[in-house]
**Student:** 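My questions all concern the structure below.
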Amino acid sequence: MGRAEARRAQQQRGARRAPRGRGKGRGGKQGGKPTGIRRFFTWKKILGTFFGAVLLGMAALVGLYFYVDEPDPNVDALTQNNVYKLADGTVIARVGKMNRQIVPIAKIPADVQTAFIAIENKSFYEDRGIDLKGIGRGLFNTVTGKGTAGGSTITQQYVKNFYLTQDQTATRKLKELIISLKVDQSKEKPEILAGYLNTNFYGRNAYGIQAAAQAYYGVDAEKLTLEQGAYLAAVLQAPSQYDWATAGPNGKRLVMVRFNAVLDNMVEMGKLDAAKRKDMKFQEPIKPKALPGMEGQKGYLIQAADEELKRQTGMTEAQLKAGGWDITLTVDPKKQAALEKAVQDELESKLDRKGRPVDAAVQAGATSVDPKTGAILAMYGGTGQSEQWASNALRKDFQPGSTFKPVVLASALENKATTQGGKPITPSTLYDGTSKRPVVGSDIPFNPQNQDDEDYGDPMLTVQSATNSSVNSVYAQMIVDVKPKNVKKTALELGMVDREGWPEDRPAMSLGTMTADTVEMAGVYATFDNHGKKVTPNIIKSAKHASREYKPVRGVGDTAISRKTADTVTKVLTGVVKDGSGKAVRSSAYEAAGKTGTSENNYSAWFTGFTPELVTVVAMFGEEPGTHKQTTLTGTAGGGRAGGSSFPAAIWKEYTLAALGGVDTDSFDLEEADMGKVQSPTTSNSPSGTPSGTPSGTPSGTPSPGRTPSKTPSETPSGTPSGTPSKTPSKTPSPTASSSKSNTPKPPPPEEEPER
């Protein structure tokens with residue numbers, strides 16, 4: 001039988017079996033017709049529906065193209081102001097007058113024009129006003145939660161700036177696409193590019209490339225070099241983050257990535273010679289100038305409010321500057337005046353900024369918070385935006401130093417951590433206070449020097465006394481006992497921010513080697529003050545807008561640490577004020593708790609203190625004028641080392657006395673404070689060299705009797721060396737009875753970590 005005959009026979013057999021296959025099973029056929037779910041979903045129906053939807057969508061787009069007219073230019077940004085008021089309703093500023101001067105495309109250098117095209121829309125001269133691939137990429141980013149950017153051409157951005165609003169809505173985006181197609185048909189490309197360059201917001205209150213050229217380089221747009229134009233093209237994406245005068249380390253890194261991408265893309269496009277590209281260098285912008293009416297602290301208060309507003313609403317800088325907001329701050333005018341006066345009396349009046357180079361480098365910042373609400377009651381940002389554009393209260397590029405040590409103690413208490421010998425860590429626990437004592441139990445060697453290479457405790461002292469005198473060797477060992485990762489977790493729960501450069505698992509973290517701002521540290525200490533309820537400082541009392549909603553910050557949140565932990569830390573910090581490095585702020589007018597801090601090479605100095613009613617952080621920073629390079633504060637006002645107990649403590653005290661003047665001040669309610677068991681000193685059960693006992697006596701903030709420093713601690717006792725120690729330590733770590741040569745590590749070279 002041939003193949004053809006075999007096929008016919010098989011078909012006949014199948015035909016005979018077919019009647020027996022009839023049934024009503026799922027997805028089967030009945031009487032030759034689809035049954036079950038197949039009645040509704042077939043390939044023909046699916047494809048027909050898909051192509052029908054595509055045709056309907058195309059028809060809708062065509063209809064919209066003819067329905068949507070090219071609108072009149074958007075004038076909202078030209079006519080609306082943002083109004084800022086203090087807590088009592090006093091208007092401090094009306095911001096919104098447009099700083100813009102239109103220039104023709106012929107006045108903008110050709111290579112500067114190309115710089116913007118290279119980074120924003122390389123196909124600008126070839127596309128039809130929209131980029132379908134870019135739109136798809138933007139939609140994907142939105143759906144996957146990667147943001148809303150990533151699909152706009154130069155034409156679309158021009159349309160958004162000139163005709164529409166900055167709202168991120170589907171309706172606005174659809175209009176943008178349709179109008180972009182129309183604009184591309186009705187206008188020449190150079191006209192569109194000119195409109196784009198003249199309508200963008202570049203930061204520094206500069207709208208358009210002419211205002212930007214003046215704001216960043218002090219020249220007219222026609223005088224811009226390619227390097228300058230490349231920076232303006234780079235900064236356009238995030239003006240507040242990428243402004244060289246205010247950008248943090250990460251912002252500067254990101255804007256340099258974009259700056260280099262501009263020039264590299266121009267080479268790729270054949271618009272810039274590769275050899276010439278290699279010789280091009282970044283040109284740093286000039287210092288920003290304060291806006292009219294922004295003198296004194298006004299500009300800094302508005303900076304803080306704007307940051308919070310953008311964070312809470314998700315707005316861009318351009319959307320905020322479009323205006324229409326009525327904003328009331330939490331700032332109390334009387335407390336604000338008191339803080340400004342305290343800085344003037346206790347710091348500025350003592351400086352000779354023109355005659356002493358060290359004094360010219362001094363910057364001060366402060367934040368004062370109500371611990372019961374989180375409201376920022378006063379803030380000091382600097383001498384004025386004409387001299388210092390970015391607020392020192394908000395700067396995040398300096399280390400908080402030993403003001404971080406209470407966070408280590410809080411983590412020890414919260415995690416019920418123990419010493420290497422297995423004893424609970426409490427304010428009464430004994431530790432070895434020998435300077436340059438190597439930590440035990442860490443894979444990373446660390447042997448920090450105490451301030452002035454001082455040995456404490458002969459060799460044992462309590463955690464309370466170690467906090468009073470800010471003993472580095474004790475806290476270095478404590479963070480090893482608690483584990484750095486646990487301390488970091490506690491810090492983040494208290495409100496600190498995990499920024500680039502946080503020393504993850506290094507014991508040096510105990511000395512405050514991360515960066516923080518005064519608002520952040522005020523929140524941490526306000527959480528201690530508020531019995532462990534997390535306090536998030538906020539400066540906006542209310543914000544109203546006709547078409548936008550502001551979601552207020554939750555000033556007091558859930559429990560960050562237990563009340564027992566918070567009360568115990570507060571009790572310890574009252575000891576710092578009574579008998580330790582914070583003695584400079586003692587007063588019969590209030591009960592206070594606090595901590596001093598000084599960073600490596602005396603680059604910064606802090607005093608963070610609180611009463612039951614008020615939490616205030618005062619900080620000083622050394623910044624070389626013109627270069628933004630960190631420099632020492634030693635020698636400020638013709639004196640010596642400027643630690644946290646010097647100028648910052650003096651400012652804190654004068655301000656607090658004035659702010660609480662006439663108020664019936666309260667005492668701390670520390671009913672759950674647990675200072676630990678009082679025992680006789682013993683080290684016989686500590687196999688690792690870390691003391692396990694507690695002292696005799698009551699740790700009420702008075703240094704333990706065993707402490708034998710050669711002199712009273714000055715400022716913030718500290719001092720991790722950055723080089724070879726100036727002298728040999730007078731003692732070596734005291735080993736326990738069970739210690740041996742194998743478990744007593746040889747002191748490694750000291751790490752380059754901050755002094756305290």
Side-chain angles (χ1 to χ4, degrees), residues 248-249 343 346-366 380 382-383 387-388 390 392-393 395-405 435-436 448-454 470 472 501 503 508 511-518 521 581 584 595-608 617-652 713-727 750-756:
V343 175
E346 299 298 337
L347 177 64
E348 290 297 331
S349 65
K350 297 174 171 58
L351 300 178
D352 181 2
R353 291 190 176 274
K354 294 182 179 179
R356 247 188 317 255
V358 172
D359 290 1
V362 174
Q363 298 290 340
Y380 184 86
T383 54
E387 294 79 30
Q388 172 68 18
N392 289 321
R395 68 185 310 158
K396 302 166 177 63
D397 53 340
F398 280 84
Q399 299 172 348
S402 284
T403 59
F404 183 76
K405 284 176 180 172
S435 183
K436 296 194 293 290
Q449 177 179 309
N450 297 329
Q451 180 177 316
D452 299 326
D453 202 19
E454 190 72 62
S470 204
N472 292 338
L511 308 185
T513 55
M514 69 296 297
T515 60
D517 62 29
T518 65
M521 297 310 293
S581 62
K595 185 71 185 74
T596 52
T598 310
S599 66
E600 181 184 11
N601 298 321
N602 201 186
Y603 285 165
S604 63
W606 301 64
F607 186 78
T608 300
V617 179
V618 181
M620 285 172 57
F621 311 108
E623 181 182 67
E624 194 174 275
T627 67
H628 309 297
K629 180 181 178 182
Q630 294 187 11
T631 186
T632 186
L633 293 167
T634 300
T636 296
R641 184 171 179 271
S645 64
S646 61
F647 302 101
I651 294 168
W652 189 95
S714 62
E715 299 180 0
T716 68
S718 62
T720 302
S722 58
T724 304
S726 60
K727 61 180 180 177
E751 291 189 11
E752 293 189 9
E753 300 295 354
E755 295 179 347
R756 299 291 158 255

**Student:** Side chain to side chain contact (heavy atoms under 4.5 Å, CB included) with Ala619: which residues, sequence neighbours excluded?
**Tutor:** Thr518, Trp606, Phe621
**Student:** Can you name the side chain to side chain donor-acceptor pair (under 3.5 Å) partners of Thr515, sequence neighbours left out?
**Tutor:** none
**Student:** Which atom pair, heavy atoms only, marks the closest approach of Asn450 to Ser435?
**Tutor:** N-OG, 3.1 Å
**Student:** Kindly indicate, with the supporting measurements, whether the criterion side chain to side chain contact (heavy atoms under 4.5 Å, CB included) is fulfilled by Lys595 and Thr608.
**Tutor:** CA-CA 6 Å; Lys595 185 71 185 74; Thr608 300; 5.5 Å; no
**Student:** Can you tell me how far NE2 of His628 sits from CD of Gln388, rounded to the nearest 0.5 angstrom?
**Tutor:** 8.0 Å
**Student:** Any chance the side chains of Ser470 and Ser581 put a donor and an acceptor closer than 3.5 Å?
**Tutor:** no
**Student:** List the residues meeting salt bridge (Lys or Arg N to Asp or Glu O under 4.0 Å) with Lys629, not counting sequence neighbours, and say none if there are none.
**Tutor:** none
**Student:** If you look at every heavy atom in Met620 and Val362, which pair is closest and at what distance?
**Tutor:** CE-CG1, 4.0 Å
**Student:** Under 3.5 Å, is there a donor-acceptor pair between the side chain of Asn392 and the main chain of Ala364?
**Tutor:** yes
**Student:** Please identify each residue that fulfils side chain to side chain contact (heavy atoms under 4.5 Å, CB included) with Pro625, with sequence neighbours left out.
**Tutor:** Ala360, Ala361
**Student:** Test of understanding: with ring pair (Phe, Tyr, Trp, His ring centres under 6.0 Å), list the residues that count as partners of Phe607, not counting sequence neighbours.
**Tutor:** Trp652
**Student:** With sequence neighbours excluded, what pairs up with Glu348 under the side chain to side chain contact (heavy atoms under 4.5 Å, CB included) test?
**Tutor:** Val343, Gln344, Leu351, Arg353, Tyr380, Thr383
**Student:** Provide the closest heavy-atom pair for Ala642 versus Leu633 in the form atom of the first, atom of the second, distance.
**Tutor:** CB-O, 3.7 Å
**Student:** Might you work through the side chain to side chain contact (heavy atoms under 4.5 Å, CB included) test for Phe398 and Gln630, ending with a clear yes or no?
**Tutor:** CA-CA 8 Å; Phe398 280 84; Gln630 294 187 11; 3.4 Å; yes
**Student:** Can you name the nearest heavy-atom pair linking Leu511 to Pro448, along with the distance?
**Tutor:** CD1-CB, 4.1 Å
**Student:** Taking the side chain as C-beta and beyond, is there a heavy-atom pair between Thr636 and Lys350 under 4.5 Å?
**Tutor:** no
**Student:** Between Ser604 and Ser599, which heavy-atom pair has the shortest distance, and what is it?
**Tutor:** OG-OG, 2.7 Å
**Student:** Taking atom CG of Asp359 and atom CG of Asp352, what is their separation to the nearest 0.5 Å?
**Tutor:** 6.0 Å
**Student:** If I compare all heavy atoms of Pro357 with all of Gly355, which pair ends up nearest, and what's the gap?
**Tutor:** CD-O, 3.9 Å
**Student:** What residues, two or more places apart in sequence or in another chain, satisfy side chain to side chain donor-acceptor pair (under 3.5 Å) together with Glu623?
**Tutor:** Arg395
**Student:** Stepwise, does the side chain to side chain contact (heavy atoms under 4.5 Å, CB included) test hold for Lys436 with Asp453?
**Tutor:** CA-CA 8 Å; Lys436 296 194 293 290; Asp453 202 19; 2.7 Å; yes
**Student:** Keeping Asn472 on the side-chain end and Gln449 on the backbone end, is there a donor-acceptor pair under 3.5 Å?
**Tutor:** yes
